[in-house]
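Throughout, protein chains are lettered first and strands after them, A, B, ... in sequence-line order, and every chain is numbered starting at 1.
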Protein chains: 2
Amino acid sequence: MARTRTYNHFCPVARSLEVIGEKWSLLIVRDLLRGPQRFTDLLRGLNNITPKWLTLRLRELESAGIVERDQEPGRKEVRYRLTEKGAQLGPVIAALNVWGVDHAMRPPEPGEGILLARSLQAIASYFNSRGLKAEVPLEWEIRTPDNPPARIRFDGETWRLRGEDPPPAPALVVESDAQAWAEFLAARGEDRAAVFARMRVAGGDDAVAFFRQAFRIPVGA
Amino acid sequence: MARTRTYNHFCPVARSLEVIGEKWSLLIVRDLLRGPQRFTDLLRGLNNITPKWLTLRLRELESAGIVERDQEPGRKEVRYRLTEKGAQLGPVIAALNVWGVDHAMRPPEPGEGILLARSLQAIASYFNSRGLKAEVPLEWEIRTPDNPPARIRFDGETWRLRGEDPPPAPALVVESDAQAWAEFLAARGEDRAAVFARMRVAGGDDAVAFFRQAFRIPVGA
DNA sequence: CTGAATCCGACACGATACTG
DNA sequence: CAGTATCGTGTCGGATTCAG
């Protein structure tokens, strides 16, 4: 595979970018960090990517030892998952996530795909990078019409996405629609408080207070 | 500026990559993290970039608020430097550096530019990411024929590049040529020990022992 | 319906030369 | 020193097609 995107620097940063600097590569890794995905899961999640480019990128990532292809013999289903080498790109995604939250967020565009699970992944990563901790383990659930409900959990040390598995009552449930949820995340200060005021939130006073603190929602009028 | 590289995801990682994901952008930031640079400094350091693309990328980074252009009135000299927003890309570069050192290094290619200062920047960043600490503050100097001598210093807490300014005797001096120094960094285990054996090292026994430990040079034959 | 392959056009990028 | 200008190539997007 004649890489055209070479820099010819003797430098670890340049070497890394030669491997995962092409368009889409890091976003594929981002989505696989949530767990193994099928081709069409990735296709949908990446929104604008064409099958051709997803195929090519997956092959490149595979031959770079970042992604593995799991195909059960007999089954037709193919699952792509990260190797250990690929999972170690986590800190790169986390650093981009922090910078993006701090310096590159804006409200969602009309045609933009809003994946609830992905937005909670970003929140968990940001909280972990910022060292935000709750006093006790807790769980939040966010519900919107178009997405399966998603949960984020603080286990006493770090924040993680939660799958569908065990449903002990979460400390707090937010009900909204995906658009409003995204606008909530993109806004700051009073604007964020205004959007928050229009969402339905169920939970104890302490839980709500901590949620407001975590998202820096001013107490406002 | 009609960004062609848009992803249309509501996601901080995708937003970041829309700003700094184009070819060369992050490498310009990498070089500016060492301090302000002139156009031709960057041109030389980036090795294969053409003036046209360097100009375009600098304009983009400027209008994104990542880079500032300093031009003394009357003087022709222009210096580019990072804004605070740009400096906060440091953790992104650091994460790419760690991954590159762990998973993407290989010996230098023949035509490859080897900048001593940049390689020490990468080492300092890697040591800091890995939490390597010395028991006392210390300084190393690396000398090669083609580059100005470069120094790296541990101040008791973090590792930093040192400019040319104050020259109290470093704890350890390595004399080599740039090619051998790069091969030393690219090698592991016994290979690294073999290259190390061919370099001239001056310093106290403790200083040399710590250097070997920091670079994981086996004691060997 | 999943998991692709193929063709074509737009534009991002590279190589080289030239300018205030 | 700090860029422009010109021209060719490669990367990528869009639409269509295809086999299991």
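Listed by first and then second residue, the side chain to side chain donor-acceptor pair (under 3.5 Å) pairs that reach into residues 168-186 of chain B are B/S119-B/W181, B/Q179-B/E183, sequence neighbours excluded.
Per the geometry, NZ belonging to B/K23 stands 14 Å off C1' belonging to D/dC12, to the nearest Å. Remark: C1' of C/dC13 and CG of B/L27 are 15 Å apart, rounded to the nearest angstrom. The separation between A/L56 atom CG and C/dA4 atom P is 12 Å, rounded to whole Å. The separation between A/Y80 atom OH and C/dG3 atom P is 7 Å, rounded to whole Å. Atom CH2 in A/W24 sits about 10 Å away from atom C1' in D/dG13, given to the nearest Å. Computed from coordinates, the A/E22 CD to D/dC12 P distance equals 5 Å when rounded to whole Å. One can place CZ of A/R57 at 16 Å from P of C/dA4, the figure rounded to the nearest angstrom. The separation between B/Q71 atom CD and D/dA2 atom C1' is 9 Å, rounded to whole Å.
Near-neighbour residues of DNA chain D inside residues 37-54 of chain B, defined by a heavy atom below 4.0 Å, number-ordered: B/R38, B/F39, B/T40, B/P51, B/K52.
Contact check, A/R5 against C/dG14: no side-chain N or O comes under 4.0 Å of OP1 or OP2.
Among the protein residues, B/R79 comes within range of no part of the nucleic acid, since none of its heavy atoms lies under 4.0 Å from any strand.
Relative to the six-membered ring of B/F184, B/R192 meets both conditions, a distance below 6.0 Å and an angle of at most 45° to the axis. A cation-pi arrangement is absent between B/R38 and B/Y80 under the rule of less than 6.0 angstrom and at most 45 degrees off the ring axis.
By the 4.0 Å N-to-carboxylate-O rule, B/R143 lies close enough to B/E141 to be salt-bridged with it.
Applying the side chain to side chain contact (heavy atoms under 4.5 Å, CB included) rule to A/A117 yields the partners A/R34; only residues at least two apart in sequence or on another chain are considered. With sequence neighbours excluded, the residues forming a side chain to side chain contact (heavy atoms under 4.5 Å, CB included) with B/R44 are B/T40, B/D41, listed by chain and number. Take B/N147 and apply the side chain to side chain contact (heavy atoms under 4.5 Å, CB included) test, not counting sequence neighbours, and it matches B/L115, B/L116, B/T144, B/A178.
Counted by atom type alone, A/T55 and A/R57 present zero donor-acceptor pairs between their side chains at under 3.5 Å.
Listed by first residue number, the stems of DNA chain D with at least three Watson-Crick or G-U pairs below 3.5 Å are C:1-20 with D:1-20.
The CG atom of A/L89 sits 12.0 Å away from atom CD1 of A/I28, with the distance rounded to the nearest 0.5 Å.
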